[in-house]
Amino acid sequence: MVLPGLIAIIKIWLRRLPEWLTGKVGNNTFLILASIVVGVISALAAVVLKIFVRFMHGVPDYFLKIYHTPFLYLLFPLVGILLTVLFVQIFLKGKLDRGLGSIIFSILRKSSYVERSKTYTPIITSGITVGLGGSAGLEAPIVASASAIGANIAQVFRLGYKERTLLLACGAASGIAAIFNSPIAGVIFAVEVLLIDLSVPLFIPLLISTATSTIISKLLYSGQIFHLITTEWFVPALPYYILLGVLCGFVSVYMTRTTLKIEGWFDSRKQTWTKAVLGGLALSLMIFLFPPLYGEGYTTITSLLEGSYKDIADASFFFSWAESPWLLIALGGTIILIKVIATAFTLGAGGNGGIFAPSLFTGAMAGFTLSFAVNTLGMTRLQVTNFVAVGMAGIMAGVVHAPLTAIFLIAEITGGYMLFVPLMIVAAISFFISRYFEPYSIYTKNLTNKGYLMADNKDKNILNQLSLDDMIETGFVTLKVYDNLGTLIDAFTVSQRNIFPVVDDNNLFIGVVHLEEVKKLMFKTNLYKEVTINELTNKDVMTLDVRDDVASALMKFENSDLWNIPVVDNGKYVGFISRSNMLSYYRKILKKSATLF
């Protein structure tokens, strides 16, 4: 009895804490304090993921020491996918939301409410998948987990939609900052990918949250992902940077389309374990032929930045020909094409991971392949490491549609601040080419196809935040089809409406009776028992299905003079949607979507 009572007291205290703190320090200061909490917890989540992945990386090494056969490495990507699927089936009832699409969906359609389970399930599932060799990244899962942390902290304190969205964005920014030790890129990522409308004061909690997250991450898990030694770039190389931007743009389109197409193919298949086994085996075969596809691929990127180009052929059939520059060029080009497929198979088969690391990996390979080929042809002498770094920004800008994030992220994680001009050129060209052929990013394309997001239509996005269920009015007196006029008169005396839905014994919707159309009969008492409701019912009535979206409802209102439209569920009466109620809800959402401060 003591523990439940203590928990109840803590809950009451947490609910009252925001109001008490707001009264003491003000609303803005409270949100800044909350953003610090989000930053700390998000950093801890990122550190846990890093440690967990490092532990999982050690599992194949352990078995290799016992059995002394490198072919064991080929089995672990399959094992990782199978274990992830097993976890999802047992603990998540077979449902796994990958990537940032679900977080964007939560902002658009769920008022920034995120399930509590998402604070930890992306860490577990991606840690297993990528830790055992799955060809995907950890960034999207940690961003999803950190976003859920921010949203749930807001829910604990019972904050409103605006504050909840802000803390969700703080979590996303903190996740990027912690995983890459790049606070500026974290802030820009939250703005570019998650937040559509922005006010300048919004930067304050984001900056503080990401700074806090970066500090905690550095204290607990120090180290830079990449190191780039460069002092300058040369203007004569400018045409080749432009060419790299064009290459990255088209590769980005290829990545987006191929990834979504393969994942869609897997999603259309219902045999969970068959998909896991076949997809895992195919992934293992690709890794067997091209070992750099194993895991995130950051080891390969590091080798390229250090000038160890032959490492891309290490442990493969092609190692004996690694002295040939043309073999390395052909291998680099092939890996660019195959990495996308490997990532899509990893995710489609049931694993969890993100597209961030594959984008960086593919961009690094694109920069290497182009610059190394130019040098081999003797056309000029390019700094290959510079092109490797800039290529990473190019692919990320094209795939994620976040050029500013790409520029600042690569500058921060490689220390390549001298490359700002090439970074801007390549990222911008890649972004514009990718956006021309694919108007939506890899995170938002599926949401757009389902009608949840319109990047260039804010009215549509606001409507997408409305739910038809929230607007259904049920305070109408229903009439049975076999009732008589007298029943209608009785209903009129207790109803505040002038419209009456008519149903049968099974609640199937028949039509409506408008009081204005029958008021001439109201004083003819001799007809009360003679005239039936069936005779008075207007059966040619426009209806809405309960599963229709708000945009469809709005279109029906615009195409008619109706002020109320009945809502049905499989033919059964549910309630009414009114034009005025819809407008009221629209104004509420519009107000919520306004400036956060």
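Values below: every heavy atom of this structure, side chains too, minus hydrogens, waters and symmetry copies.
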Less than 4.5 Å apart, any side-chain heavy atom of [X] and any of [Y]?
X      : Y      : value
Met396 : Ile410 : no
Ile355 : Met255 : yes
Val47  : Ile216 : no
Pro292 : Met365 : no
Val143 : Phe189 : yes
Ile208 : Ile36  : yes
Phe91  : Thr121 : no
Glu296 : Phe361 : no

Legend entry - Working for side chain to side chain contact (heavy atoms under 4.5 Å, CB included), residues Phe180 and Glu139: CA-CA 9 Å; Phe180 285 117; Glu139 296 76 22; 3.3 Å; yes
Nearest 0.5 Å please: distance from the [atom1] atom of [X] over to the [atom2] atom of [Y].
X      : Y      : atom1 : atom2 : value
Met418 : Leu423 : CE    : CG    : 12.0 Å
Leu83  : Leu78  : CG    : CG    : 9.5 Å
Leu419 : Ile425 : CG    : CD1   : 11.0 Å
Phe52  : Leu138 : CZ    : CG    : 10.5 Å
Ser35  : Leu166 : OG    : CG    : 7.5 Å
Ile188 : Phe408 : CD1   : CZ    : 4.5 Å

Inset, instruction - Could you check whether the rings of Tyr241 and Phe387 sit parallel, tilted or perpendicular, using 30° and 60° as the cut-offs? - result: parallel
Inset, instruction - Specify whether Phe437 and Phe250 have parallel, tilted or perpendicular ring planes, treating 30° as the upper limit for parallel and 60° as the lower limit for perpendicular. - result: tilted
Inset, instruction - Take Asn181 and Ser217 through the side chain to side chain contact (heavy atoms under 4.5 Å, CB included) test and state the conclusion after the steps. - result: CA-CA 7 Å; Asn181 288 331; Ser217 178; 3.3 Å; yes
Inset, instruction - Could you walk me through whether Phe345 and Phe266 pass the ring-ring contact (aromatic ring centres under 6.0 Å, His included) test, one step at a time? - result: CA-CA 8 Å; Phe345 268 76; Phe266 274 103; 5.2 Å; yes
Which pair of heavy atoms, one from [X] and one from [Y], lies closest together, and at what distance?
X      : Y      : result
Pro60  : Leu132 : CD-CD2, 4.3 Å
Val246 : Ile429 : N-CG2, 3.6 Å
Val193 : Val400 : CG2-CG1, 4.1 Å
Pro141 : Gly354 : CD-N, 3.9 Å
Ala178 : Ser213 : CB-OG, 3.2 Å
Thr119 : Ile123 : O-CD1, 4.0 Å

Would you kindly say whether [X] and [Y] are connected by a side-chain donor-acceptor distance under 3.5 Å?
X      : Y      : answer
Glu438 : Thr256 : no
Ser303 : Thr300 : no
Ser135 : Lys339 : yes
Asn352 : Ser126 : no
Ser174 : Ser209 : yes

Inset, instruction - Quick one: do Phe105 and Tyr443 satisfy ring-ring contact (aromatic ring centres under 6.0 Å, His included)? Show the steps, please. - result: CA-CA 10 Å; Phe105 178 81; Tyr443 296 134; over 10 Å; no
Evaluate whether atom [atom1] of [X] has more than 12 neighbouring non-hydrogen atoms of other residues, nucleotides or ligands under 6.0 angstrom away.
X      : atom1 : value
Phe432 : CZ    : no
Arg116 : CZ    : no
Phe87  : CZ    : yes

Inset, instruction - Would you please test Ser441 and Thr444 for side-chain hydrogen bond (donor to acceptor under 3.5 Å, both in side chains) and show each step? - result: CA-CA 5 Å; Ser441 75; Thr444 60; 3.2 Å; yes
Side chain [X], main chain [Y], donor-acceptor under 3.5 Å:
X      : Y      : value
Arg98  : Gly351 : yes
Glu263 : Leu347 : no
Lys118 : Ala144 : no
Ser268 : Trp265 : yes

Inset, instruction - Begin with the C-alpha distance, continue with both residues' side-chain angles, and end with the deciding distance and a verdict on side chain to side chain contact (heavy atoms under 4.5 Å, CB included) for Leu220 and Leu44. - result: CA-CA 8 Å; Leu220 299 180; Leu44 294 176; 3.5 Å; yes
Inset, instruction - Could you tell me whether Asp97 and Lys95 have a side-chain N and a carboxylate O separated by less than 4.0 Å? - result: yes
Inset, instruction - Check step by step if side-chain hydrogen bond (donor to acceptor under 3.5 Å, both in side chains) holds for Ser112 and Ser106. - result: CA-CA 5 Å; Ser112 297; Ser106 296; over 6 Å; no
Legend entry - Pair His401 and Phe431, ring centroids less than 6.0 Å apart: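 Yes, they do, as the ring centres are separated by less than 6.0 Å.
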Inset, instruction - Please assess Val191 against Leu206 for the test side chain to side chain contact (heavy atoms under 4.5 Å, CB included), listing each intermediate value before the final yes or no. - result: CA-CA 9 Å; Val191 172; Leu206 287 173; 4.2 Å; yes
